[in-house]
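Per chain, numbering begins at 1; letters A, B, ... match sequence-line order.
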Amino acid sequence: MHQSPSTDYVIPRPPLAGRILSSAPVSILIYLLVIGFIIYTAYDGSRAMGYNWQWYRMPQYLWTITDEGFQWGEIAFGLVKTLQLSVLAFALALGLGLLVALLRLSGLLVGSAVARVFLEIVRNTPLLVLLYLFYYVLGPIFELDRYAASILCLGVYHAALISEIFRAAINSVAPGQWEGAASIGMSKAQAYRYIVLPQSVRFMLPPMTGEMVNMVKSSAIVSVIAVAELTTMGRNIISDSYMSFEVWFTIAAVYLVVTLTLSFGVSLIERHYALK
Amino acid sequence: MAYQPVFANEVMTGGNPIIQAESLDKFYGSFQALDNINMSVHSGERVVICGPSGSGKSTLIRCFNALEHHSAGKLVVDGIEVYEGSKQIRKLRQEVGMVFQQFNLFPHLTVLENLTIGPMRVRKVPRAEAEANAHRYLERVHIPEQADKYPSQLSGGQQQRVAIARSLCMESRIMLFDEPTSALDPEMINEVLDVMVGLADTGMTMVCVTHEMGFARKVADTMIFMDGGQIIETAPPEKFFTQPESERCRAFLEQILEH
Ligand SMILES: Nc1ncnc2c1ncn2[C@@H]1O[C@H](COP(=O)(O)OP(=O)(O)OP(=O)(O)O)[C@@H](O)[C@H]1O
Ligand SMILES: [Mg+2]
């Protein structure tokens, strides 16, 4: 086959330097250099303070293989707890967030007032204080254990953020869609369910991904009331083993893997909901 | 729906009006968009409303299916008194179809789904029956082959014909049109007007806001001219186009017929 130069000249191409910098191998190289630099600095610093690295002791906290066979380690159990906590709290936040958004959009005076008060209270309270309120104040009153208090607290906190995502996405749908739905006799609830909400998904997916990632990250805060999730496991392991550098690097890496996987998964869904 | 020939004199005299408006006023804040509107439409009658921009044409026909609510006066459509907060509004909208200037199709649904969602969700028609009806009406608007496409894959004229079919699928007894061709490229206007003429031939009650005077001459039983929120002139087309009574109407007609 002959080379076909024609196709190369049809589309004007960006300048050479930009093309090289944004090509996949170069991006990966730059990324590795940055990570390498961070790790090198950490090692260098730790050597200067005489830190005794014991990476070989880490794997047992992820999993062990003994005569009794394969067994998950503490970090794996912590991860499962973190995921459980995040999923349940996120489900709660989605439901509550949608409710708050619909109340605000309802045009009912009482409804939007209730929603506004909820938003102002939650947004103006630090997450840590909110957690203490749920665990130490609401906990004894409603007999919540630390796990339930954590889910409720995280759910309520993120509901406030998520309700704003819902509201913005619903408002992004063209007003003619409401009229189209109304003109064929749909009730407001049917218009939401069949016409407006499905179209708003595409507007809310990107910020919603951010919120999922935030949920996983902010779930770490429940370690202050000793829920046995990932961060708590990290603290426990350190108090036995004194390997603070190795443990925190590992825990951070586990969080990173979870959040990157989430972002990647959602980008696949986003492609599905792209404009037809 | 069977072909029912309708005779003009029967239309004008027969029975109670299907739309009756008495002294309608509409205010947006302190701005008066409708001013003492009195009119009636009989079953099978075709009314064409025209008038300059901002004269209140859209506001008036949007009152007929309660997309807007009049501020004063009395409006009865298909035996249902229309007022804000009425429990009958959804029932009314099932009887009164509306075709918008901007189509307002549902972009996340296919053409077929656009046509069946109303019957299935609102009228609770079983899917098979709703789909059969949808295919029948797509044929009526001359695009049977587009059922599985999304609205954005169709031309403007095709989209507007889908919108007409969507209203027909609700088996509406009255059809409202708000400038159905004014967002279309010129070469697509006729394909939509043809469908509307075909609809008129079936005896459908139609209220059309349009400036397509050729269409109006062909199908209208009654012409209405509006200006400044008021009905200035009501006349059968023969009289309306040849001897309009008001100076404003004459000036308006001269202006649009020049083009
Ligand atoms: N939601 C609204 N709020 C305030 N004023 C409005 C609103 N809708 C319409 N109006 C005003 O009411 C008047 C009549 O509007 P309408 O849309 O009924 O006119 P129209 O005759 O349909 O004009 P066009 O030919 O441009 O569509 C206009 O002056 C318009 O600015
Ligand atoms: Mg208008």
Side-chain angles (χ1 to χ4, degrees), chain A residues 94 98 101-103 105-113 165-209 266-276, chain B residues 58 61-62 64-68 87-111 113-124 148-154 159 162-172 174-178 183:
Chain A
L94 276 180
L98 181 60
L102 293 181
L103 275 178
L105 292 165
S106 65
L108 301 172
L109 227 54
V110 183
S112 52
I165 295 176
F166 273 122
R167 198 168 69 100
I170 288 168
N171 282 336
S172 306
V173 174
Q177 293 295 307
W178 288 105
E179 300 193 338
S183 76
I184 54 172
M186 283 195 178
S187 65
K188 200 154 181 206
Q190 287 176 321
Y192 264 119
R193 173 155 171 220
Y194 299 116
I195 307 301
V196 175
L197 285 179
Q199 288 184 62
S200 65
V201 168
R202 138 180 98 84
F203 298 109
M204 60 177 106
L205 271 181
M208 217 49 110
T209 320
V266 175
S267 72
L268 293 183
I269 304 176
E270 244 166 69
R271 214 169 300 162
H272 174 77
Y273 275 98
L275 259 194
K276 307 217 168 73
Chain B
S58 299
I61 71 163
R62 289 161 60 85
F64 292 164
N65 74 343
L67 283 180
E68 300 287 351
K87 295 275 176 279
Q88 302 265 64
I89 283 178
R90 289 184 57 203
K91 184 163 174 288
L92 168 83
R93 288 181 181 152
Q94 294 175 38
E95 305 303 327
V96 184
M98 175 113 181
V99 175
F100 302 88
Q101 184 175 355
Q102 301 296 341
F103 327 140
N104 294 356
L105 292 175
F106 308 130
H108 62 303
L109 301 179
T110 64
V111 166
E113 290 165 338
N114 265 275
L115 302 193
T116 54
I117 194 160
M120 284 170 56
R121 301 298 177 189
V122 178
R123 283 201 189 273
K124 312 290 180 202
D148 297 320
K149 291 204 178 152
Y150 285 92
S152 60
Q153 297 170 310
L154 304 182
Q159 290 188 49
V162 171
I164 293 173
R166 178 173 73 181
S167 287
L168 293 176
C169 282
M170 291 301 290
E171 309 288 354
S172 312
I174 306 171
M175 289 280 281
L176 308 174
F177 293 85
D178 190 0

Given heavy-atom pairs under 4.5 angstrom as the criterion, report whether the side chain, backbone, both or neither of [X] touches chain A.
X      : answer
B:F100 : side chain
B:R62  : side chain
B:V96  : backbone
B:L105 : backbone

Grab the two heavy atoms, one from A:S183 and one from B:N65, that are nearest each other, plus how far apart they are.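 That would be CB-ND2, 4.3 Å.
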
Nearest heavy-atom neighbours spanning A:G180 and B:R166: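 A:G180 and B:R166 have their closest heavy atoms at CA-NH2, 3.9 Å.
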
Please report the interatomic distance CZ(B:R93) to OG(A:S187), rounded to the nearest 0.5 Å.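 Spacing of CZ (B:R93) from OG (A:S187) equals 10.5 Å.
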
Atom CD1 of A:I184 and atom CG of B:N114: how far apart are they, to the nearest 0.5 Å?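 CG of B:N114 is found 8.0 Å from CD1 of A:I184.
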
Can you establish whether the number of heavy atoms outside A:L268 located under 6.0 Å from its atom CG is more than 12?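 Counting other residues, nucleotides and ligands, CG of A:L268 exceeds 12 neighbours.
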
Contact check, side chains of B:H108 and A:R202, non-hydrogen atoms, under 4.5 Å: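 They are not in contact (no side-chain heavy atoms under 4.5 Å apart), so the answer is no.
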
Where on A:Q190 is there a heavy atom nearer than 4.5 Å to chain B: the side chain, the backbone, both, or neither?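 When you check distances to chain B, only side chain atoms of A:Q190 fall under 4.5 Å.
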
Ignoring hydrogens and angles, tell me if any N or O in the side chain of B:R90 forms a donor-acceptor pair with the backbone of A:G185 under 3.5 Å.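 Answer holds: yes.
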
Quick one: of B:I117, B:L176, B:L67, B:L109, who has the most non-hydrogen atom pairs under 4.5 Å with chain A?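 So the answer, after comparing B:I117, B:L176, B:L67, B:L109, is B:I117.
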
